[in-house]
Amino acid sequence: IDSPSFATGFVRRIRDRSIPRCHYVAPSVWAWRPWRVHKFKRRFDCILALLPFEPKWFERVGLECRFVGHPVVEYGADRGDGPGFRQQHDIPADAKVICVLPGSRRGEVKRLGPVFAKTLARLAAKHPGLTAVVPSVPAVEGLVGHMIRDWPVPAVLVASEAAKYDAMAASDLGLAASGTVAVELALAGVPSVIAYRVALVTAALARLLLRVKFASLVNLILEAGAVPEFLQSKCRPDKLARELERLLGPDGAAQIEIVQPALDALGRGDTPPSQRAAEAVLDVIQRRADKAQSTSS
């Protein structure tokens with residue numbers, strides 16, 4: 001499950017080749033290293049894909065690939081309690097709130113934290129009552145907590161999954177590192193801006209290997225920059241603040257409307273992706289059993 005290096009090594013050691021082999025979460029061959037499809041064809045019977053455009057990359061080499069949907073749509077990002085969160089943290093109902101997500105890795109937080117702080121300072125100059133809510137994860141919670149002490153606006157740090165979605169529901173805007181959180185913000189109905197920086201060497205390698213135009217899953221599905229992305233040299237406080245300010249107007253509501261088809265394409269409102277994945281695995285098992293029975297008879 002979602003660990004290609006481990007999984008391919010593991011199945012290579014399975015002696016009984018009649019055992020059905022499924023890999024849940026397709027490797028991102030559409031983004032980089034597309035030749036990996038051939039390795040997966042040798043190792044697996046079926047790939048379960050989270051994104052609707054992934055199956056064609058595997059089926060073109062004769063490997064079955066089923067789109068099952070992205071589990072993020074069933075996490076609860078669209079069911080947060082915004083008014084309750086504001087009341088719990090003494091945030092006025094009319095105050096502007098921005099949900100800030102600087103990443104889940106230490107390197108991400110260290111690179112994006114200072115940029116986000118300067119961005120907030122620019123926004124606070126125009127919106128004196130601005131408050132930041134900052135969902136985090138255990139791996140970087142301490143680092144984020146230390147960092148936000150020096151931010152130019154009051155900041156509320158939350159660490160639990162439920163509190164994260166309540167914080168999103170309480171927010172007027174989102175400023176996030178590229179990742180699944182961008183989809184969660186869209187599900188929560190929060191107009192957002194995506195930002196990201198990596199080390200210069202990593203960026204140089206990425207430019208050579210990456211085959212995609214966008215970083216956000218929503219934009220990849222829509223094949224359009226519905227959610228603004230500011231990457232590498234474009235990840236600057238002036239650019240981020242200008243775009244966030246724009247989203248406080250009608251453009252924010254327009255963004256939320258535009259991204260709805262992408263959320264539906266990820267499996268929202270349909271059979272839960274986790275159930276579809278389980279059904280797909282059971283189907284592969286049943287077909288293998290039927291084939292074995294037919295051969296024996």
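The environment of CZ in Phe10 is sparse: at most 12 heavy-atom neighbours from other residues, nucleotides or ligands sit within 6.0 Å. Around CZ of Arg105, the count of heavy atoms belonging to other residues, nucleotides or ligands within 6.0 Å does not exceed 12. Within 6.0 Å of the CD atom in Gln87, the count of heavy atoms belonging to other residues, nucleotides or ligands does not exceed 12. The environment of Glu223 atom CD is sparse: at most 12 non-hydrogen atoms of other residues, nucleotides or ligands sit within 6.0 angstrom.
Atom-to-atom distance recorded for Arg43:CZ and His38:NE2 is 14.0 Å, nearest 0.5 angstrom. Within the model, atoms CZ of Arg111 and CZ of Arg197 stand 10.0 Å from one another, a figure rounded to the nearest 0.5 Å. Note that the CZ atom of Arg12 and the CZ atom of Arg21 stand 12.5 Å from one another [nearest 0.5 Å]. In this structure, CD1 in Ile91 is found 11.5 Å from CG in Asp94, a value given to the nearest 0.5 Å. In this structure, CG in Leu50 is found 8.5 Å from CG in Leu266, a value given to the nearest 0.5 Å. In this structure, the separation between OG on Ser136 and CD1 on Ile148 is 8.5 Å, given to the nearest 0.5 Å.
Hydrophobic clustering keeps Ile256 apart from Leu173 (ILVMFWY residues linked when any side-chain heavy atoms are closer than 4.5 Å, directly or through intermediates). Under the 4.5 Å side-chain heavy-atom criterion for Ile, Leu, Val, Met, Phe, Trp and Tyr, Leu282 and Phe44 are members of distinct hydrophobic clusters. Val137 and Val144 fall within a single hydrophobic cluster, where Ile, Leu, Val, Met, Phe, Trp and Tyr side chains are chained together by heavy-atom contacts under 4.5 Å. By the criterion of side-chain heavy atoms lying less than 4.5 angstrom apart, applied directly or through intervening Ile, Leu, Val, Met, Phe, Trp or Tyr residues, Leu185 is grouped together with Leu51 in one hydrophobic cluster. Residues Val115 and Phe230 share a hydrophobic cluster, clusters being chains of Ile/Leu/Val/Met/Phe/Trp/Tyr side chains in contact below 4.5 Å.
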For this session: For the pair Gln255 and Leu247, evaluate side chain to side chain contact (heavy atoms under 4.5 Å, CB included) and give the outcome as yes or no after the intermediate values.
Result: CA-CA 8 Å; Gln255 182 192 107; Leu247 292 178; 3.7 Å; yes
For this session: For Glu245 and Arg242, run salt bridge (charged side-chain N to carboxylate O under 4.0 Å, His left out): C-alpha distance rounded to whole Å, both residues' side-chain angles, the deciding distance at 0.1 Å, then the answer.
Result: CA-CA 5 Å; Glu245 183 71 30; Arg242 188 182 308 119; over 6 Å; no
Problem set entry | side chain to side chain contact (heavy atoms under 4.5 Å, CB included) assessment of Leu222 paired with Phe214 | CA-CA 10 Å; Leu222 295 175; Phe214 301 106; over 6 Å; no
For this session: Check step by step if salt bridge (charged side-chain N to carboxylate O under 4.0 Å, His left out) holds for Glu64 and Arg287.
Result: CA-CA 13 Å; Glu64 181 182 4; Arg287 283 190 286 125; 2.9 Å; yes
For this session: Check the pair Val134, Val156 against side chain to side chain contact (heavy atoms under 4.5 Å, CB included), reporting the backbone distance first and the verdict last.
Result: CA-CA 6 Å; Val134 191; Val156 178; over 6 Å; no
For this session: Give the C-alpha distance, both sets of side-chain angles, the deciding distance and a yes or no for side chain to side chain contact (heavy atoms under 4.5 Å, CB included) between Val100 and Val133.
Result: CA-CA 6 Å; Val100 183; Val133 293; over 6 Å; no
For this session: Could you walk me through whether Asp45 and Arg288 pass the salt bridge (charged side-chain N to carboxylate O under 4.0 Å, His left out) test, one step at a time?
Result: CA-CA 10 Å; Asp45 301 303; Arg288 180 59 63 88; 3.0 Å; yes
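Side chain to side chain, Glu108 and Tyr196 meet the donor-acceptor criterion of an N or O pair below 3.5 Å. Using modelled atom types and a 3.5 Å distance limit, the side chains of Asp264 and Gln260 yield no donor-acceptor pair. Ser274 and Glu74 form a side-chain donor-acceptor contact under 3.5 Å, judged by distance and modelled atom types alone. Tyr165 and Glu184 are linked by a side-chain donor-acceptor pair at a separation below 3.5 angstrom, with hydrogens and angles left out of the test.
Judged by distance alone, the side chain of Asp81 and the main-chain N or O of Asp166 form no donor-acceptor pair under 3.5 Å. Of the possible polar contacts, one joining the Ser192 side chain to the Val190 backbone as a donor-acceptor pair under 3.5 Å is found. Using a distance-only test at 3.5 Å, with no hydrogens or angles considered, a donor-acceptor pair links the side chain of Lys41 to the main chain of Val61. Put simply, the side chain of Arg66 never gets that close to the backbone of Leu48: no donor and acceptor are under 3.5 Å apart. Between the side chain of Ser216 and the main chain of Val218, a donor-acceptor pair closer than 3.5 Å is present. For the pair Arg268 (side chain) and Val73 (backbone), a donor-acceptor distance under 3.5 Å is absent. Side chain of Asn219 to backbone of Val227: a donor-acceptor contact under 3.5 angstrom is found. Ser160 contributes a side-chain N or O that, together with a main-chain N or O of Ala163, makes up a donor-acceptor pair within less than 3.5 Å.
Pro4 and Phe40 get closest at one heavy-atom pair: CB-CZ, 3.6 Å. Closest approach of Ala195 and Leu231 over heavy atoms only: C-CD2, 4.5 Å. Closest of all the heavy-atom pairs between Pro273 and Pro71 is CB-N, 4.0 Å. Residues Ile194 and Ala177 share a closest heavy-atom pair of CG2-C, 4.3 Å. When all heavy atoms of Gly113 and Trp151 are compared, the pair lying nearest together is O-NE1, 4.1 Å. Of all heavy-atom pairs between Lys118 and Pro237, the closest is CB-CG, 3.5 Å.
Side-chain contact check for Lys239 versus Pro228: every heavy-atom pair is 4.5 Å or farther apart. Inter-residue side-chain proximity for His23 and Thr8 is flagged as unmet; no heavy-atom pair is nearer than 4.5 Å. A 4.5 Å side-chain heavy-atom check between Ile221 and Pro52 finds at least one atom pair inside the cut-off. Side-chain contact between Leu143 and Lys110: present, with at least one pair of heavy atoms (C-beta onward) separated by less than 4.5 Å. Side-chain contact between Leu175 and Phe116 is present, with heavy atoms from C-beta onward closer than 4.5 Å. Cys235 is listed as a side-chain neighbour of Leu112, based on a closest heavy-atom distance under 4.5 Å. Contact of the Val37 side chain with the Leu63 side chain is not registered, since no non-hydrogen atoms from C-beta on lie closer than 4.5 Å. Contact annotation: the side chain of Leu263 approaches that of Val183 to within less than 4.5 Å [non-hydrogen atoms, C-beta and beyond].
Cation-pi geometry between Arg276 and Phe67 is met: under 6.0 angstrom from the ring centre, within 45 degrees of the axis. For the pair Arg60 and Trp57, the cation sits on the ring face: its NZ or CZ lies under 6.0 Å from the ring centre, inside 45° of the axis.
Under the 30°/60° scheme for interplanar angles, the aromatic rings of Phe85 and His89 are found to be tilted.
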